[in-house]
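Working notes for the structure below.
One-based numbering, in listed order, for ligands and for the atoms of each.
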Amino acid sequence: MEEKVSSISLANVAASYDNGSDVLTDVSFNITGGTIYFLTGPSGAGKTTLLRLIYQLHKPRTGQIKIFGKITNNMSRDEITDLRKKMAIVFQEYSLLSHLSVFDNVALPLRVRGMSESKIRALVPKVLDWVGLGKYADEKPLALSGGQQQRVSVARAIIIQPSILLADEPTGNLDDDNASRLMELFIQMNKMFGTTIILATHNKNLIETYKFPVLHIENRHVNFVTKSDTPQTTAKKLWKGPAPKNYFTELSKQFDDIGNI
Ligand code: ADP
């Protein structure tokens with residue numbers, strides 16, 4: 001199934017803004033589907049730029065980007081829209097719509113995909129519960145703390161069960177407990193659906209604990225710090241709360257329906 005073999009390939013990619021000097025240069029790597037990666041590098045190194053390139057929000061100056069084996073450089077708007085249906089991005093600045101409730105923010109990608117309101121009403125509260133925000137469904141995002149808004153933006157991203165999840169510092173505003181809970185959620189998603197996940201982070205504790213392969217950006221280049229994919233079973237369990245093991249099983253029926261839209 002295509003969902004299981006998602007992959008990201010960059011070949012000799014360079015990126016710049018407004019014809020300025022390159023932020024990234026000669027970047028080549030190949031990510032086989034179904035793995036979780038950390039993306040590290042000093043502030044301003046180009047982590048967000050790399051995620052934006054993959055999500056097709058920024059065009060490379062040169063080089064080729066392939067997603068799911070397809071060259072994206074000259075894709076039409078419609079093709080990019082189709083591609084994005086299988087990808088989700090969690091922005092560092094959350095990018096929530098302030099005039100919509102938390103529920104409606106999280107429901108938005110489902111509505112865009114044409115899911116029925118009855119299914120949306122069944123699915124959204126479950127995802128909000130899992131990120132610990134069940135009580136906040138009717139609130140507007142700005143009534144929430146930064147960490148809570150961050151979890152809303154994660155809920156909005158994972159609710160479409162993307163094949164590729166790109167997350168820019170998704171735990172940046174979270175305490176350790178919530179950070180490990182989110183990691184647990186990402187790992188479950190990866191195990192159950194083979195989601196390829198790239199997590200940009202500065203959090204050394206997460207990197208040391210979860211031992212996922214690391215893509216590191218320095219001096220405009222991207223290097224694999226860990227050469228081979230570390231089996232995910234080596235990941236230590238940090239989350240000590242109730243086991244969320246049925247979460248995705250419970251949701252998979254609705255997710256199947258999303259796949260059929
Ligand atoms: P990181 O996510 O690692 O902090 P970024 O990708 O945000 O790094 O930024 C990489 C470089 O690109 C920085 O020098 C930043 O100033 C520059 N940059 C990022 N976004 C823009 C933009 N929209 N216009 C011009 N320069 C930008």
Side-chain angles (χ1 to χ4, degrees), residues 7-31 35-67 72-73 75 77 80-81 83-84 87-98 141 146-147 149-154 156-158 162 164-174 178-179 182-183 186 195-227:
S7 66
I8 303 166
S9 304
L10 274 73
N12 307 110
V13 167
S16 61
Y17 289 95
D18 306 324
N19 299 319
S21 55
D22 284 350
V23 171
L24 295 170
T25 197
D26 202 18
V27 172
S28 300
F29 62 82
N30 184 32
I31 286 181
T35 306
I36 304 180
Y37 290 86
F38 286 122
L39 175 61
T40 62
S43 207
K47 300 182 291 299
T48 305
T49 305
L50 182 63
L51 298 180
R52 288 171 57 87
L53 284 167
I54 296 168
Y55 196 71
Q56 310 297 312
L57 288 169
H58 192 77
K59 286 278 172 206
R61 185 180 61 71
T62 60
Q64 192 181 72
I65 299 180
K66 278 192 197 171
I67 310 285
T72 60
N73 295 56
M75 276 186 172
R77 251 171 192 272
I80 287 177
T81 303
L83 191 63
R84 286 208 191 121
M87 293 198 279
I89 187 162
V90 179
F91 294 103
Q92 205 169 356
E93 66 277 15
Y94 323 134
S95 299
L96 300 171
L97 296 175
S98 57
Q149 290 181 55
Q150 190 155 41
R151 283 182 280 155
V152 177
S153 78
V154 169
R156 182 182 56 184
I158 63 170
I164 294 176
L165 175 68
L166 309 166
D168 205 350
E169 299 273 1
T171 62
N173 271 312
L174 303 184
N178 274 309
L182 267 199
M183 288 304 294
F186 291 148
T195 313
T196 302
I197 304 178
I198 303 182
L199 298 170
T201 186
H202 282 114
N203 188 328
K204 288 202 171 68
N205 187 26
L206 282 189
I207 296 165
E208 279 161 21
T209 304
Y210 288 98
K211 312 230 181 290
F212 299 132
V214 175
L215 287 164
H216 183 73
I217 309 184
E218 193 129 22
N219 300 326
R220 303 180 295 144
H221 289 88
V222 179
N223 298 303
F224 276 100
V225 174
T226 317
K227 293 285 182 210

> Just by modelled atom types, is the G172 backbone N or O under 3.5 Å from a matching donor or acceptor in the N203 side chain?
Replying inline: no
> Between the main-chain N or O of E208 and the side-chain N or O of K211, is there a donor-acceptor pair closer than 3.5 Å?
Replying inline: yes
>> Students often mix this up, so state it plainly: with edges at 30° and 60°, are the rings of F38 and F212 parallel, tilted or perpendicular?
In response: tilted
>> Exactly one of L182, L165, V90 should register a side chain to side chain contact (heavy atoms under 4.5 Å, CB included) with I158. Which one does?
In response: L165
> With atoms numbered from 1 as shown, which atoms in ligand 1 lie under 4.0 angstrom from a non-hydrogen atom of K47?
Replying inline: 1 (P), 2 (O), 3 (O), 4 (O), 6 (O), 8 (O)
> With a 4.5 Å limit on heavy-atom distance, are the side chains of N173 and Y94 in contact?
Replying inline: yes
> Can you find an N or O of D18 that's nearer than 3.5 Å to an N or O of ligand 1?
Replying inline: no
> Among all protein non-hydrogen atoms, which one is nearest to atom 2 (O) of ligand 1, and what is the separation to 0.1 Å?
Replying inline: T48 OG1, 2.7 Å
> Can you list the steps and then say if S7 with T196 is a side chain to side chain contact (heavy atoms under 4.5 Å, CB included)?
Replying inline: CA-CA 8 Å; S7 66; T196 302; over 6 Å; no
> For ligand 1, which atoms have a heavy atom of T49 less than 4.0 angstrom away?
Replying inline: 5 (P), 6 (O), 9 (O), 10 (C)
> Going by heavy atoms, is G41 under 4.0 Å from ligand 1?
Replying inline: no
>> I need the atoms of ligand 1 closer than 4.0 Å to a non-hydrogen atom of P42, numbered in the order shown.
In response: 3 (O)
> Does the protein put a heavy atom less than 4.0 Å from atom 20 (N) of ligand 1?
Replying inline: yes
> What protein heavy atom is closest to atom 8 (O) of ligand 1, reported as residue, atom name and distance in Å?
Replying inline: G46 N, 3.1 Å
>> Once you measure the plane-to-plane angle for F91 and Y55, does it fall in the parallel (<30°), tilted (30-60°) or perpendicular (>60°) bin?
In response: perpendicular
>> Which residues pass the side chain to side chain contact (heavy atoms under 4.5 Å, CB included) test with T48, not counting sequence neighbours?
In response: R52, Q92, D168
> How does V23 reach ligand 1, if at all, at less than 4.0 Å between non-hydrogen atoms: by side chain, backbone, both, or neither?
Replying inline: side chain
>> I need the contact type for A200 against ligand 1. Using non-hydrogen atoms and a strict under-4.0 Å cut-off, is it side chain, backbone, both or neither?
In response: neither
>> Side chains of V13 and V222, heavy atoms from C-beta outward: is any pair under 4.5 Å?
In response: no
> Which of the numbered atoms in ligand 1 are below 4.0 angstrom from a heavy atom of S43?
Replying inline: 4 (O)
>> To check your reading of the model: name the closest protein heavy atom to atom 10 (C) of ligand 1, its residue, and the distance in Å.
In response: G44 O, 3.2 Å
>> I need the nearest protein heavy-atom contact for atom 25 (C) of ligand 1: residue, atom name and distance, please.
In response: Y17 CB, 3.3 Å
